Every structure is written in structure tokens, then in C-alpha cells.
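Proteins come first, then strands; the chains are lettered A, B, ... in the order of their sequence lines, and each starts at number 1. Remember, it's a predicted structure, so these values are computed and weren't measured experimentally.
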Amino acid sequence: MDGGRRDVFKLSRDRLSVQEVVDAVGSASCGAVSLFIGTTRQDDVDGRKVVGLEYEAYEGMVQSELAKLSANVRARWPDIVHVCVHHRLGWVEVGEASVVIAISSPHRRDGQEAIQFYVTQLKAAVPIWKKEVYDTQESSWKENAECPWGGAKD
Amino acid sequence: MDGGRRDVFKLSRDRLSVQEVVDAVGSASCGAVSLFIGTTRQDDVDGRKVVGLEYEAYEGMVQSELAKLSANVRARWPDIVHVCVHHRLGWVEVGEASVVIAISSPHRRDGQEAIQFYVTQLKAAVPIWKKEVYDTQESSWKENAECPWGGAKD
Amino acid sequence: MCVLCVVCVLYFAQSADLTGVRGEESVAVPTPISSQDLWTLLLRRHPRLSALQRRVVLAVRQQYVAIGDHLLTLEDGDEVAVVPPLSGG
Amino acid sequence: MCVLCVVCVLYFAQSADLTGVRGEESVAVPTPISSQDLWTLLLRRHPRLSALQRRVVLAVRQQYVAIGDHLLTLEDGDEVAVVPPLSGG
């Protein structure tokens with residue numbers, strides 16, 4: 001069996017394939033795959049309906065931040081085997097996936113804990129932005145609660 | 001939007017489709033899908049290689065126990081929306097999925113906590129059994145650590 | 001209600017291996033009966049089930065019943081199952 | 001090292017909306033410079049960036065740098081980015 005542990009990151013303007021992400025973490029040594037899918041929620045904001053999200057990224061830095069994050073996760077949960085993150089860019093309609101994250105591990109507990117941490121840290125530190133686009137043609141940039149420098153109102 | 005919350009359970013002798021399970025919990029009101037995939041791990045047991053697992057179930061009771069379990073999970077995490085469980089029966093080769101569980105929720109924390117609980121309780125209380133089959137043709141029935149009446153050696 | 005009723009007994013996993021059958025259509029069982037006495041009755045039919053002693057429960061009408069003093073009221077046609085330690089997932 | 005060097009500045013998300021550009025190839029910047037002074041220099045180029053005041057960081061050579069006293073040593077061709085609050089995921 002191959003002892004290599006993979007970190008696979010992809011930014012994509014096409015619809016994300018959950019199966020592709022699951023396949024990327026497949027390993028005969030793993031009994032568990034933990035997965036998180038973030039989707040665009042249909043929401044009403046001040047009476048306007050969200051029709052979709054527009055994503056952009058600092059692409060080069062996304063790769064390096066995800067690599068750091070994976071290293072950090074592996075230090076905390078040394079048993080996790082493969083990590084795969086696909087994040088959507090550009091226009092994402094309500095109901096479609098914007099991010100799919102999968103982690104494989106021999107035992108489920110490691111993977112389940114690791115994926116919660118991974119999602120939180122991704123939202124806190126990976127340079128990707130989205131704006132909500134409303135049925136009124138208006139839009140507004142979102143801020144993750146997890147981002148340390150967000151939220152200061154002045 | 002349909003206010004209905006679905007619990008979808010399926011026992012299947014065919015390969016499980018992760019996409020089918022994800023689609024079953026899709027909801028425009030949800031920003032998060034948490035997913036768990038249990039796979040057959042390649043393992044050596046006393047020098048014998050595991051080639052696959054053979055599953056069987058008390059099918060009628062699986063449905064009622066999963067319904068109870070979902071009701072229990074919904075009582076603890078009232079915000080979760082849809083739940084879908086597909087469990088494989090019969091012969092499952094190393095590397096293939098034996099169970100796929102997905103839970104959709106408006107916010108990810110609920111779904112991630114709920115799915116950990118769900119997997120643990122499924123292993124503790126849903127009447128399904130597997131035996132490991134080895135390359136020597138031998139086999140042995142497994143016991144989940146979570147099952148309250150397992151483990152007594154005499 | 002009946003003093004002696006006829007139930008259907010299902011055997012799963014290791015219990016099916018031990019009995020050599022997956023189910024028995026017509027098993028006569030007195031009622032009411034404790035779950036311990038019901039287990040003893042099944043053990044008498046299939047002595048090899050003793051391999052599961054102390055790590056088995058029953059299911060009656062698809063509800064788990066621990067083996068013990070708990071008194072069961074059975075009806076003709078009820079489904080009783082022998083439930084070895086679970087290993088789903 | 002140079003006393004005045006020429007860096008490339010990238011603007012993302014709300015900062016691109018505020019400046020009207022996504023990047024500037026050749027921005028002359030003294031070095032060393034504190035991250036606060038670098039931000040002030042960018043504010044002078046694009047006063048509307050003040051809308052991001054106190055909820056923005058910079059990235060220099062793709063490493064986050066909080067705005068403050070931290071002294072940066074820049075080289076010609078370095079990549080500097082304005083990083084509004086993140087909203088990935």
C-alpha cells in the first residue's frame with residue numbers, strides 16, 4: 001500500500017462533483033470519509049431574495065493557505081490520510097455547492113473532528129470572497145464570522 | 001418553499017451513490033451538508049488479509065430504528081432539515097462504501113454535531129451485522145464497540 | 001391473548017450460523033413469559049446458541065428486549081428475533 | 001534592497017470595487033516601511049479604501065500582515081494585496 005498522503009486543492013468555475021472529491025481521498029487503509037458541503041442558501045435579506053453568490057479568490061495564496069491549513073490539521077490529527085478541497089469560483093446559484101471538503105481516516109472520530117476544524121479555519125484564513133446577489137440586482141460582500149479582521153463596524 | 005423534512009432510508013445490494021445521498025438532502029434553505037461515508041478498510045487480522053465484508057440486516061426493524069434515531073437527532077438539533085441514510089447489504093469489497101449518511105442544516109455546526117451522534121447511534125442500535133471475510137476463506141462476525149450488549153467474553 | 005401462543009422466531013448473523021436456520025415459522029411459547037425464560041426456551045431448541053450467552057438481546061415485535069425478568073405478553077404470530085451484537089456501519 | 005522599490009498591488013472583493021481596479025503593476029513604495037504606512041500610502045492613492053478601515057489586512061508575498069507597526073522589507077516586484085474580510089466557504 002502506498003504510504004503517501006495527498007492534499008488535493010482545486011479552484012473551479014464549473015459545478016463541483018462530490019464524487020470526484022470522495023474519490024480523491026479514497027484509500028484502502030481508511031474506514032471513514034468525512035465530508036462537508038457548503039451550499040448557497042436561499043435567503044431573504046431585508047426583503048430582497050438572494051439569487052446566487054459571486055466568488056473570487058487570491059488564487060496563488062489560496063493554495064499556500066490550504067497547504068498550511070492541511071499541515072496544521074495533520075499535526076493535530078496525525079492519523080488522517082488524504083485531504084481534498086474543491087472550491088467554486090464565479091457565479092454560484094442558490095442550492096449549488098460552493099465548497100466540498102473530504103478527509104479520509106482509518107477511524108471516523110479523527111476525520112469528523114478534523115473536518116469541523118478544517119471548515120472553520122478555511123473560513124477564517126483562506127483568501128476567498130463572495131458577494132450575495134439579490135433579485136433587485138443589488139449585491140453585498142459577505143464577511144465570515146470566523147475571519148479575525150472582519151466585523152468592525154465604523 | 002416546502003416545509004417538509006425528509007428522512008430517507010435505503011438498504012441496497014448495489015454500490016452506494018454518494019451523489020444520490022447528497023441529492024436526497026438538498027434544500028434551498030440549507031447552507032451545509034454534512035456527510036459520513038463508512039468504507040471497508042483493508043486490514044490484516046492475525047496474518048489474514050480482509051478481502052471484504054458480508055452484511056445482513058433485520059430489514060423491517062432497520063427502518064423503525066432509523067426512524068427513531070432520526071426523531072432523536074431532530075429533538076437534539078431541531079434545525080436540521082433532511083436526513084438520508086443508505087446502507088449496503090450483501091458482499092462489500094475492500095474500499096467500497098458500506099454506509100453513506102447525509103444531514104442538511106441551515107448552519108454547519110448543527111449538521112456536523114448531529115452526524116457524529118448519528119453514526120455512533122447507528123452503530124449502537126440499528127440491527128445490521130457484518131462478517132469479515134479473509135483471504136483464507138475464513139470469516140468472523142464483527143461487533144461494534146458502540147453496541148451495549150457486545151463485548152462480554154466468556 | 002393465549003396461554004400458549006405460536007410465534008415466529010428470526011435468527012440473524014452469528015445466531016443463524018449457530019442454529020443453522022434463519023427463521024422458524026411456528027414456535028409454541030407460553031405467555032406471559034420473562035425474556036430470560038424465552039431465551040432459555042430458545043437455548044433448549046438450539047443449545048449452540050449458548051455461544052451468545054450474555055452478549056445477546058431479543059427483539060419482540062421489532063422492539064429490543066434485554067434478557068432478564070422483564071415480562072413479555074405474546075400473541076399468535078408475533079415476531080421474535082435473536083439479536084447478536086450489532087456491527088452495522 | 002532598494003530605498004524606493006516598485007511593487008505590484010492587488011485589490012480583491014470590496015477593495016477592487018472601491019478602487020475600480022483589480023491590480024496595479026508598478027507602485028513605488030519606500031522600504032523598509034511599516035504596514036500602517038503602506039496602508040496609508042494605498043489610502044492616499046485610493047481614498048475610498050477608507051471604507052475598509054480597521055477591517056482589512058494586507059498580504060505581502062502572499063503572507064498576511066496586520067496593519068500596524070510591523071516593519072516590512074520590500075523588494076522590486078513584490079506582490080502586495082489588500083485583503084478585505086474573508087467570506088470563502
| Heavy-atom distance under 4.5 Å to chain C: side chain of B/Glu146, backbone, both or neither? | neither
| query | Side chain, backbone, both or neither: which part of C/Leu86 has a non-hydrogen atom closer than 4.5 Å to chain B? | reply | both
| Any donor-acceptor pair under 3.5 Å from C/Ser50 side chain to C/Gln53 backbone | no
| Could B/Lys49 and B/Asp44 be called an ion pair, given the rule that one side-chain N must be under 4.0 Å from one carboxylate O? | no
| query | Taking it one step at a time, do B/Leu11 and B/Val62 satisfy side chain to side chain contact (heavy atoms under 4.5 Å, CB included)? | reply | CA-CA 9 Å; B/Leu11 293 169; B/Val62 166; 4.1 Å; yes
| field | side-chain hydrogen bond (donor to acceptor under 3.5 Å, both in side chains) between B/Gln63 and B/Tyr58, worked out | value | CA-CA 9 Å; B/Gln63 299 291 332; B/Tyr58 186 179; over 6 Å; no
| field | Residue among B/Val8, B/Asp7, B/Leu35 satisfying side-chain contact (heavy atoms from CB on, under 4.5 Å) with B/Cys84 | value | B/Val8
| chain B heavy atoms under 4.5 Å from C/Ala59: which part of the residue, side chain, backbone, both or neither? | side chain
| query | Do the charged groups of C/Arg61 and C/Glu75 touch, with an N to O distance under 4.0 Å? | reply | no
| message | Has B/Arg74 got a side-chain atom pairing as donor or acceptor with B/Val81's backbone, closer than 3.5 angstrom? | response | yes
| note | Against chain C, residues from residues 117-138 of chain B with at least one heavy atom under 4.5 Å, in numeric order, are B/Leu122, B/Lys123, B/Ala124, B/Ala125, B/Val126, B/Pro127, B/Ile128, B/Trp129, B/Lys130
| remark: Across all chains, not counting sequence neighbours, the side chain to side chain donor-acceptor pair (under 3.5 Å) partners of B/Asp79 are none
| task | Would you mind telling me which of B/Ser140, B/Gly60, B/Ser64, B/Ala145 has the largest number of heavy-atom pairs within less than 4.5 Å of chain C? | result | B/Gly60
| query | What do the steps show when you test C/Leu4 against C/Thr31 for side chain to side chain contact (heavy atoms under 4.5 Å, CB included), and what is the final call? | reply | CA-CA 6 Å; C/Leu4 198 71; C/Thr31 179; over 6 Å; no
| query | B/Lys68 and C/Gln63: side-chain donor and acceptor closer than 3.5 Å? | reply | yes
| query | Taking the six-membered ring for Trp, is the centroid-to-centroid distance between B/Phe9 and B/His87 below 6.0 Å? | reply | no
Show me the donor-acceptor pairs within less than 3.5 Å that the side chains of residues 94-102 of chain B make with the rest of the protein, sequence neighbours left out.
from	atom 1	to	atom 2	distance (Å)
B/Glu96	OE1	B/Arg88	NH1	2.9
B/Glu96	OE1	B/Arg88	NH2	3.2
B/Glu96	OE2	B/Arg15	NH2	3.1
B/Ser98	OG	B/Gly38	O	3.2
B/Ser98	OG	B/Tyr55	OH	3.2
B/Ser98	OG	C/Gly89	O	3.4

| query | How about residues 13-28 of chain C versus chain B: which residues have heavy atoms under 4.5 Å apart? | reply | C/Ala13, C/Gln14, C/Asp17, C/Arg22
| message | Counting only non-hydrogen atoms closer than 4.5 Å, does B/Ala57 touch chain C with its backbone (N, CA, C, O), its side chain (CB onward), both, or neither? | response | backbone
